[in-house]
Amino acid sequence: MKHFITILVAVCLLSCGASKTVRESKKVIKGNWVLTSVNSSAIGDLRITLLNDATKDCFENSSWQFIPNNNTGLYTLSGTNCDMQDRYFVFTIDEVDETTGLYDFLLKPTNEKGKSETNVGFRMKLTSLTDTSMQWQQTVSLDGKPIQINMNFTKI
């Protein structure tokens with residue numbers, strides 16, 4: 001009976017951990033990235049504000065750092081007329097469908113100490129992740145119709 005309980009506890013603890021696919025994704029995402037481009041499925045040139053922070057012009061060529069052992073990171077905007085102060089965040093990668101390789105990616109802005117002032121996060125799809133590139137996709141509404149915003153990263 002004692003062995004049965006020990007095995008049951010061990011199985012429960014192992015089943016609560018992240019999947020192998022998510023663990024591997026965190027290894028790949030670790031490090032420094034550049035957000036090289038932001039584009040949308042909408043026709044025309046839209047003034048897109050990302051993460052309730054700044055326009056896409058400030059996000060393009062911004063620097064990002066991901067620290068997966070504590071699910072934190074920071075980014076610094078780029079461009080003229082952009083506030084280049086470091087922005088901190090926490091993130092999680094949740095597996096959606098292991099066969100397609102698509103994940104939910106949740107990013108929540110915080111202060112330097114990891115505390116969120118608004119408790120607002122942004123859920124995106126992690127649609128592509130390789131050793132050198134990554135793409136996030138977010139669906140937003142424009143005039144009541146969904147559009148896709150793609151954020152393309154390159155690892156440095």
Side-chain angles (χ1 to χ4, degrees), residues 16-79 81-156:
C16 293
S19 74
K20 181 179 179 185
T21 306
V22 170
R23 286 192 308 270
E24 290 298 319
S25 297
K26 285 185 175 186
K27 286 180 186 176
V28 174
I29 202 171
K30 178 181 180 179
N32 297 309
W33 297 79
V34 172
L35 177 52
T36 54
S37 66
V38 177
N39 52 55
S40 75
S41 62
I43 297 172
D45 189 27
L46 300 176
R47 185 168 169 83
I48 299 172
T49 298
L50 299 171
L51 307 177
N52 285 347
D53 186 5
T55 64
K56 78 173 194 141
D57 294 335
C58 290
F59 272 93
E60 288 180 331
N61 297 311
S62 59
S63 301
W64 292 68
Q65 181 181 38
F66 294 89
I67 308 164
N69 67 333
N70 63 5
N71 290 350
T72 63
L74 66 94
Y75 65 91
T76 306
L77 298 177
S78 176
N81 300 323
C82 301
D83 178 1
M84 297 177 70
Q85 183 176 1
D86 288 342
R87 279 114 161 118
Y88 298 88
F89 60 87
V90 295
F91 70 94
T92 57
I93 300 173
D94 295 322
E95 191 169 347
V96 175
D97 185 345
E98 190 172 350
T99 58
T100 63
L102 296 179
Y103 308 91
D104 271 344
F105 188 86
L106 178 65
L107 185 139
K108 184 189 289 188
T110 66
N111 62 21
E112 190 174 356
K113 298 192 185 291
K115 302 288 184 203
S116 173
E117 295 174 9
T118 62
N119 207 26
V120 172
F122 301 91
R123 186 166 301 281
M124 293 163 269
K125 297 278 186 218
L126 180 57
T127 56
S128 174
L129 180 62
T130 70
D131 289 336
T132 59
S133 66
M134 171 170 59
Q135 183 182 65
W136 298 350
Q137 189 175 77
Q138 185 177 26
T139 303
V140 296
S141 181
L142 175 66
D143 297 329
K145 296 185 172 129
I147 64 166
Q148 304 293 322
I149 297 174
N150 296 310
M151 293 160 268
N152 302 296
F153 293 81
T154 301
K155 196 165 196 177
I156 54 175

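Within the structure, salt bridge (Lys or Arg N to Asp or Glu O under 4.0 Å) pairs that include any residue of residues 119-136 comprise D94-R123, D104-R123, D104-K125 (at least two apart or interchain). Judged as a salt bridge (Lys or Arg N to Asp or Glu O under 4.0 Å), not a single pair has a partner in residues 140-156 (not counting sequence neighbours).
The aromatic rings of F153 and W136 lie tilted to each other, with the angle between the two planes from 30° to 60°.
Shown here are the side-chain contact (heavy atoms from CB on, under 4.5 Å) partners of Q148, two or more places apart in sequence or in another chain: S41, Q137, T139. Take N70 and apply the side-chain contact (heavy atoms from CB on, under 4.5 Å) test, not counting sequence neighbours, and it matches I67, T72. Scanning for ring pair (Phe, Tyr, Trp, His ring centres under 6.0 Å) contacts around F89 gives W64, F66, with sequence neighbours left out. Applying the salt bridge (Lys or Arg N to Asp or Glu O under 4.0 Å) rule to D53 yields the partners R87; only residues at least two apart in sequence or on another chain are considered. Listed by chain and number, the residues in a side chain to side chain donor-acceptor pair (under 3.5 Å) with S37 are N152 (sequence neighbours excluded). Applying the ring pair (Phe, Tyr, Trp, His ring centres under 6.0 Å) criterion to F59, with sequence neighbours excluded, gives Y75. Residues that satisfy the side chain to side chain donor-acceptor pair (under 3.5 Å) test with N32, not counting sequence neighbours, are absent from this structure. Under the rule for a side-chain contact (heavy atoms from CB on, under 4.5 Å), the partners of L142 that lie at least two apart in sequence or sit in another chain are A42, L46, I147. For S133, the side-chain contact (heavy atoms from CB on, under 4.5 Å) partners two or more places apart in sequence, or in a different chain, are T130.
Rounding to the nearest 0.5 Å places CG of D86 at 9.5 Å from CG of L77. We find the CD1-CD1 distance between I149 and I48 to be 4.5 Å, quoted to the nearest 0.5 Å. Distance CD/Q135 to CG/L35: 11.0 Å, rounded to 0.5 Å. Taking CD from Q138 and OG from S40, the interatomic distance works out to 12.0 Å, rounded to the nearest 0.5 Å. Here OG1 of T49 is found 11.5 Å from NZ of K56. Values are rounded to the nearest 0.5 Å. Rounded to the nearest 0.5 Å, atoms OG (S78) and CE (M84) are 5.5 Å apart.
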Contacts under 3.5 angstrom, residues 109-117 side chains, donor-acceptor by atom type, not counting sequence neighbours:
unit_1: N111; atom_1: OD1; unit_2: K113; atom_2: N; d: 2.9
unit_1: N111; atom_1: OD1; unit_2: G114; atom_2: N; d: 3.1
unit_1: N111; atom_1: OD1; unit_2: K115; atom_2: N; d: 3.0
unit_1: S116; atom_1: OG; unit_2: N119; atom_2: N; d: 2.7

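The minimum heavy-atom distance between V38 and E60, with the atom names listed, is N-OE2, 3.1 Å. Across M134 and I29, no two heavy atoms sit closer than the pair SD-CD1, 3.7 Å.
Taking the side chain as every heavy atom from C-beta outward, F122 and L50 never approach each other to under 4.5 Å.
Heavy-atom contacts from other residues, nucleotides or ligands closer than 6.0 Å to CG of N81 number 12 or fewer.
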